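Report on the following structure.
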Amino acid sequence: MILKIAFRNIFRQKRRTILTALAMIVGFTLSSIVIGLSDGAYSNVIKMFTGNRIGHIQVHQEGYHDKPSIYKTISNYESIGETIQSNTDVEAWTPRVYAGGLGSVGEKSTAVRIIGVDVAQEIKATQFDKKVVQGNALTETASREAVIGQGLAKTLAATLGSKIVIFSQAADGSIANDEYTIVGLAESGDDITDKITCYLHIEDAQELFVLEGRIHEIVVIISNINKVGKITEAIKESLNDSDLEVLPWQVVAKSFYDAMQSDKQGDAVVRLIIMFIVAIGVLNTVLMSVLERTREYGVLKAVGTKPIQIFWLVICEVVIITIGSIAIGALLGSLINYLFSIYGLTYAEGLTMGGVEFGTMYAEVNARSLMIPGITVMLSATLVGLFPAIKAARIMPAKAMRTH
């Protein structure tokens with residue numbers, strides 16, 4: 001009977017019902033869009049940062065991550081790579097050699113970070129060839145060629161065909177000194193990286209730094225980044241080598257990961273503000289509804305309706321309106337997020353997040369963008385409905401009957 005009366009009350013005062021529902025629908029839709037855009041932005045940034053640079057998982061010699069050194073190397077990296085590739089969730093792996101030194105072109109010189117890459121593996125894992133915006137990528141065989149960042153090219157006033165001379169110290173203590181032809185200019189999306197990076201073929205780098213058959217890092221790309229923790233543990237078990245450290249990207253790029261988490265907390269504050277506005281709107285309309293129907297509630301109590309029944313009558317009305325509003329809000333939120341996932345939201349100026357620059361933000365249609373707003377709207381509407389419901393239940397029949 002209470003549910004039946006609640007339905008009748010909702011459709012009897014259509015204007016009041018629409019006003020209450022609009023507050024919930026707008027709040028749900030805004031919250032859904034905020035979550036969809038933020039999740040889409042995080043996924044895009046993480047995909048670019050990990051997939052194009054550091055990978056999803058890294059394997060090093062124990063202690064290399066905390067204190068990198070040219071001497072902390074992995075010798076049998078090809079067999080390790082085969083073991084890693086045997087995991088069905090692994091898409092690709094690639095070895096790298098890292099070292100620092102001095103790069104010189106003509107009379108100009110600056111500090112450089114040398115990265116030795118296995119070209120075929122690097123293209124498969126991180127699409128290395130797509131980073132080259134001018135010239136060509138390195139050949140798959142060692143040819144004393146170099147690809148440098150665009151920022152580094154500006155610093156050294158280097159052009160395609162210029163010779164870059166690298167000075168450093170080799171792993172055996174000797175002087176590492178050799179000349180390479182610049183065949184391409186790269187752009188990684190991070191200006192700082194592009195100002196210092198010089199890419200060499202892995203065999204050229206091993207020869208330069210006397211690291212024959214040895215590397216510093218294995219980068220692993222997996223099919224589902226959400227499984228990175230599980231796959232990291234699986235790789236650790238399959239390698240079963242205490243001399244190796246297997247680290248997920250959250251540990252490798254801890255500062256980047258912490259920045260993402262802090263930004264998510266900021267989005268949570270935005271959602272709370274939206275829900276607070278929704279709660280105020282619901283409280284206002286429901287309370288006004290109770291005040292307008294004071295005489296009606298007095299009549300109900302006069303004919304024997306219990307206070308608890310009136311309480312549940314008001315709550316049922318709020319819940320019914322809320323369920324309908326959530327259904328409409330879910331349709332609107334999903335539609336708008338879907339459109340944003342296709343066309344994106346373009347910024348007038350590029351936005352940099354975690355060192356990654358991008359000009360268009362794409363939304364993501366997922367369960368979070370529906371569940372979180374739905375639960376929040378339902379809880380906030382029900383909680384703010386308690387006060388009007390209690391007020392209606394405590395109405396005195398004799399006093400209410402004199403209300404006009």
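Note that this is a predicted model, so its numbers are computed, not measured.
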Hey, are the side chains of Ile35 and Pro373 touching, using non-hydrogen atoms and a 4.5 Å cut-off?
-> yes

Distance-only side-chain donor-acceptor flag, Glu91 / Ser223, under 3.5 Å = no

Taking Thr29 for the side chain and Val26 for the main chain, is one N or O donor matched with an acceptor at less than 3.5 Å?
-> no

Test item: Val246 and Ile57 side chains (from C-beta on) under 4.5 Å apart, heavy atoms | yes

Short side-chain donor-acceptor distance under 3.5 Å, Thr20 and Thr17 | no

Which class fits the ring pair Tyr77 and Trp93: parallel under 30°, tilted 30 to 60°, perpendicular over 60°?
-> perpendicular

Check whether any side-chain N or O of Ser69 sits under 3.5 Å from a backbone N or O of Tyr71 as a donor-acceptor pair, and report yes or no.
-> yes

Okay, side chain of Thr376, backbone of Ile372: is any donor-acceptor separation there less than 3.5 Å?
-> yes

Below 4.5 Å, heavy atoms only, C-beta onward: do Lys108 and Thr155 meet side chain to side chain?
-> no

Could you give the distance from NE2 (His216) to OG1 (Thr73), rounded to the nearest 0.5 Å?
-> 6.0 Å

Rounded distance [0.5 Å steps], OG1 in Thr50 versus CD1 in Ile225 = 4.0 Å

Is the count of non-hydrogen atoms from other residues, nucleotides or ligands lying under 6.0 Å from Lys72 atom NZ greater than 12?
-> yes

Heavy-atom pair with the smallest gap, counting every atom of Ala111 and Leu102 = N-CD1, 4.1 Å

Indicate yes or no for a side-chain donor-acceptor contact from Ser341 to the backbone of Glu364 under 3.5 Å, with no hydrogens or angles considered.
-> no

Between the main-chain N or O of Gly63 and the side-chain N or O of Glu245, is there a donor-acceptor pair closer than 3.5 Å?
-> yes

Determine, stepwise, if the pair Cys316 / Leu313 fulfils side chain to side chain contact (heavy atoms under 4.5 Å, CB included).
-> CA-CA 5 Å; Cys316 282; Leu313 175 63; 5.7 Å; no

Heavy-atom closest pair (Leu138 atom, Val119 atom, distance to 0.1 Å) is O-CG1, 3.3 Å

Please round to the nearest 0.5 Å and tell me the distance separating atom CG of Leu335 and atom CZ of Phe340.
-> 10.5 Å

Taking the side chain as every heavy atom from C-beta outward, state whether Arg144 and Glu207 have any pair of such atoms under 4.5 Å apart.
-> yes

Could you grab the distance from atom CG of Asn87 to atom NZ of Lys230, nearest 0.5 Å is fine?
-> 9.5 Å

Correct closest heavy-atom pair for Ala146 and Ile164 would be CB-CG2, 4.1 Å

Show your reasoning for whether side chain to side chain contact (heavy atoms under 4.5 Å, CB included) applies to Thr232 and His56.
-> CA-CA 9 Å; Thr232 299; His56 301 137; over 6 Å; no

Can a donor-acceptor pair be found between the side chains of Asn337 and Ser334 at a distance below 3.5 Å?
-> no

Test item: Val165 and Asn177 side chains (from C-beta on) under 4.5 Å apart, heavy atoms = yes

Tell me, do Ile175 and Gln169 make a side-chain contact under 4.5 Å, heavy atoms counted?
-> no

In terms of the angle between their ring planes, are Phe128 and Tyr199 parallel, tilted or perpendicular, with boundaries placed at 30° and 60°?
-> perpendicular

Look at Lys254 together with Asp258 and state whether they make a salt bridge at an N to O cut-off of under 4.0 Å.
-> yes

Is there side-chain contact between Thr83 and Leu239, with at least one heavy-atom pair below 4.5 Å?
-> yes

Taking only residues two or more places apart in sequence, or in another chain, which ones meet Thr88 in a side chain to side chain contact (heavy atoms under 4.5 Å, CB included)?
-> none

Enclosure of Ile280 CD1 (heavy-atom neighbours >12, cutoff 6.0 Å) | yes

Find the distance between CD (Glu82) and CD (Gln85) and round it off to the nearest 0.5 Å.
-> 9.5 Å

Residue pairs, two or more places apart or on separate chains, that pass ring pair (Phe, Tyr, Trp, His ring centres under 6.0 Å) and touch residues 141-188 = none

Considering non-hydrogen atoms only, spot the tightest contact between Ala170 and Leu208 and give its length.
-> CB-O, 4.0 Å

Between Asp194 and Ser188, is there a donor-acceptor pair closer than 3.5 Å when you use the side chain of the first and the backbone of the second?
-> yes

Run the side chain to side chain contact (heavy atoms under 4.5 Å, CB included) check on Val219 and Ile54 step by step: do they pass?
-> CA-CA 7 Å; Val219 172; Ile54 65 171; over 6 Å; no

Distance, nearest 0.5 Å, that separates CG of Asp204 from CG of Asp178 = 8.0 Å

Intermediate values then yes/no, side chain to side chain contact (heavy atoms under 4.5 Å, CB included), Leu185 and Ile148 = CA-CA 5 Å; Leu185 304 182; Ile148 65 174; 3.7 Å; yes

Lys236 and Leu244, any side-chain heavy atoms less than 4.5 Å apart | no

Can any side-chain N or O of Ser32 pair as donor or acceptor with the backbone N or O of Phe28 at less than 3.5 Å?
-> no

Mark yes or no for whether Thr197, through its side chain, and Thr193, through its backbone, hold a donor-acceptor pair below 3.5 Å.
-> yes

Between Asp118 and Thr94, does any side-chain donor sit less than 3.5 Å from a side-chain acceptor?
-> no

All ring-ring contact (aromatic ring centres under 6.0 Å, His included) counterparts of Tyr257, not counting sequence neighbours = Trp249

